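In this text, all values refer to a predicted model and were calculated from it rather than measured experimentally. In what follows, every heavy atom counts, from backbone to side chain, and hydrogens, waters and symmetry copies are set aside. Counting convention: from 1, in listed order, for ligands and their atoms alike.
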Amino acid sequence: MALEKKIRELKEKREKMLLGGGEEAIEKQKAMGKNTARERIMSILDQGSFSEYDMFVEHDARDFGMDKKHLPSDGVVIGTGTVQGLPVAIFAQDFTVAGGSLGLMHSRKITKIMDHALKMRIPLIGINDSGGARIQEGVNSLAGYGEIFFRNTISSGVIPQISVILGPCAGGAVYSPALTDFVFVVENISKMFITGPEVIKTVLGEEISMEALGGARVHCEVSGNAHFFAMSEEECFSQIKKLVSFIPRNNDVKARVHDPVPPDKKYDIEKIVPGDPTLPYDVKDVIRAVADNSDFFEIQEMYARNIVIGFGRLGGKTVGFVANQPMEMAGVLDVDSSDKAARFIRYCDAFSIPLVTLVDLPGYLPGVDQEHAGVIRHGAKVLYAYSEATVPKLTVILRKAYGGGYIAMSSRHLRADFVFAWPTAEIAVMGPEGAANIIFRKEITTAANPDEVRRQKVEEYKEKFANPYVAASRGYVDSVIEPSETRKLLLHALEVSEDKVVQMPRKKHGIPPF
Ligand code: HXC
């Protein structure tokens, strides 16, 4: 009887906590197309797998009326569960409780689950929906953020860290997502910025809406801070589940192997790349023509579209695809595409995911804007990331591989393990037109018919260099292959490199061109 009473008491206490900030606040949340913190967690985790910790944690702040404020679970829900059977740690800020603001105990709950995730070597999923530092708690709130940022950094490359922005994420609070691996945003719901519209108006006199300043689209298309865009929370949750299916739970194990399914026959690899090197095509079709089940899970789809990155599988094993996109600025490397590719390469390397690079680019983007924006420093990130990566590196040169672009895109010289080239590959210092104009300038300008001589010289150069055989004769390319052989050879290369070992010189860490 006594036990029954105690259990009833526990249930009542739980019920109160589960109501968060109360029905009115929940209604307000729903009216914005938002789910509650616990609903979000339940939607991401496998049914019935959530185990909540610290439900009864309370703040002990006293100033500014806080002594009279009861904040259920202190505005954040934490715990563990599984996503498609994979254990994960998760937290979700509860906007219905003091706007999900972060006070000392709120931050301690988050750092507790972060420590747990790191100790157990399981992925961490953080759902952000908060007005930022709890103003009444002063420096304790700032200390809380600092503790979170520190843990994000220490966990980086050890466990996957996923941030989901489902409401405001303002001020310094944005730096936790920025330190994590992947950021998910939802149209009309996610807002991320360092200084809000009001501050901007006061300081700079400029009027801007919250959406235009730091809405979901802005961070996917312009700033590149977010990696996945969804139209609703539900779509976002299924994207998270899909991502988790591709990645390993920590840096000591490999991603789970799935049943291999051949690509869809509708992607005819012989017909995708046009013979004329000036014509564009969608490199994602090449990826779909080689990947298992033609399934390609693209990352940062809306940002720096001249490079394509994302996960797929080959023979059931996760690989990271990096591919120049000839449909967008001819697939050049520039400041943004270099940043995008380099970070992804480092992610794959940290988590033992082999890299498959598809090359077709005229080089780095020339121009004053790019030079002044630091294309030297940003472009160097690609060289650094590929050189440093010790996971299996498989390269296929589809068409153009000119100049620095050739070297940067996982060339033999940066220690690619397998370099294949299609017969359409053109591996040279630069394109035939540019090259002929420079090295035959005298002949061309002094000729009676310069156009005819230029045409001849361009042809001569093409004949000699715009092919894969010069590189193949030096062993820079291992094999010139038919496009239809690509998948078979990539599968073979992956199998051969399953237990690849590379010894790097001992160092504390390198100094990448951040
Ligand atoms: C305490 C907060 C809060 C905060 C919101 N609330 N933000 N309480 N500290 N930072 C409370 C509100 O008082 C309100 O409480 C409830 O949450 C809901 O907020 P509303 O304003 O009614 O909601 P909404 O209209 O949707 O506006 C959301 C908002 C706005 C845009 C986020 O609340 C806002 O501008 N908040 C302040 C944002 C901010 O400046 N934060 C500090 C940033 S500096 P009641 O009791 O009325 O329901 C920072 C530094 C971190 O974060 C540095 C780390 C390095």
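- In summary, the atoms of ligand 1 found under 4.0 Å from a heavy atom of Phe95, numbered by their order in the structure, are 23 (O), 26 (O), 28 (C).
- Shown here, atom 47 (O) of ligand 1 is out of close reach of the protein: none of its heavy atoms lies under 4.0 Å off.
- Atom 52 (O) of ligand 1 has its closest protein heavy atom at Ala133 N, 2.9 Å.
- Within ligand 1, counting atoms from 1 as listed, the ones closer than 4.0 Å to a heavy atom of Tyr145 are 51 (C), 54 (C).
- Under the 4.0 angstrom criterion for non-hydrogen atoms, Gln136 is in contact with ligand 1.
- Near Arg134, meaning under 4.0 Å from one of its heavy atoms, ligand 1 places the atoms 1 (C), 9 (N).
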Open item on the list: Would Thr80 and Tyr53 count as a side chain to side chain donor-acceptor pair (under 3.5 Å) here? Give the steps.
Closed with: CA-CA 8 Å; Thr80 44; Tyr53 313 162; 2.5 Å; yes
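- The protein non-hydrogen atom at the shortest distance from atom 3 (C) of ligand 1 is Ser101 CB, 3.9 Å.
- The CG atom of Leu124 lies 11.5 Å from the NE2 atom of His116; values are rounded to the nearest 0.5 Å.
- Contact atoms of ligand 1 toward Lys28: 22 (O), 23 (O) (distance under 4.0 Å to a heavy atom of the residue).
- Residue contacts with ligand 1, taken as heavy atom pairs separated by less than 4.0 Å, do not involve Tyr175 at all.
- A salt bridge is absent between Asp74 and Lys109; no separation between the charged side-chain nitrogens and carboxylate oxygens falls under 4.0 Å.
- Note: Tyr406 and His413 have perpendicular aromatic rings, judged against thresholds of 30 and 60 degrees for the angle between ring planes.
- The contact set between ligand 1 and Phe149, taken as ligand atoms under 4.0 Å from a residue heavy atom, comprises 55 (C).
- In this structure, atom 12 (C) of ligand 1 has its sub-4.0 angstrom surroundings free of protein heavy atoms.
- For ligand 1 and Leu142, the ligand atoms under 4.0 Å from any heavy atom of the residue are 53 (C).
- In this structure, OG on Ser245 lies 5.5 Å from CD on Gln84, to the nearest 0.5 angstrom.
- With a 4.0 Å cut-off on non-hydrogen atoms, Leu102 does not touch ligand 1 at all.
- In the model, Arg134 has a side-chain atom that pairs as donor or acceptor with a side-chain atom of Ser101 under 3.5 Å.
- Looking at Asp360 and Gln325, their side chains never bring a donor and an acceptor atom within 3.5 Å of each other.
- The closest protein non-hydrogen atom to atom 9 (N) of ligand 1 is Ile135 N, 3.1 Å.
- Between Glu147 and Arg151, at least one side-chain nitrogen of the basic residue sits less than 4.0 Å from a carboxylate oxygen of the acidic one, meeting the salt-bridge criterion.
- Of the N or O atoms in Gly99, one or more lie within a sub-3.5 Å distance of an N or O in ligand 1.
- Counting protein heavy atoms under 4.0 angstrom from atom 35 (O) of ligand 1 gives zero.
- Taking a cutoff of 4.0 Å between a charged side-chain nitrogen and a carboxylate oxygen, Glu39 and Lys30 qualify as a salt bridge.
- Comment: Arg288 engages Asp285 in a salt bridge, judged by a side-chain N to carboxylate O separation of less than 4.0 angstrom.
- Looking from atom 31 (C) of ligand 1 to the surrounding protein, the closest heavy atom is Met210 CE, 4.1 Å.
- Of the listed options Gly131, Ala25, Ala98, Ala98 places a heavy atom closest to atom 6 (N) of ligand 1.
- Using a 4.0 Å cut-off to heavy atoms of Pro168, the atoms of ligand 1 that qualify are 32 (C).
- Protein non-hydrogen atoms do not reach within 4.0 Å of atom 29 (C) of ligand 1.
- Taking the six-membered ring where the residue is Trp, Phe297 and Phe246 present parallel rings, their angle staying beneath 30° rather than reaching 60°.
- Within 4.0 Å of atom 39 (C) of ligand 1, at least one protein heavy atom is present.
- Other residues, nucleotides and ligands place no more than 12 heavy atoms under 6.0 Å from the CD atom of Glu207.
- A side-chain N or O of Lys381 and one of His378 form a donor-acceptor pair less than 3.5 Å apart.
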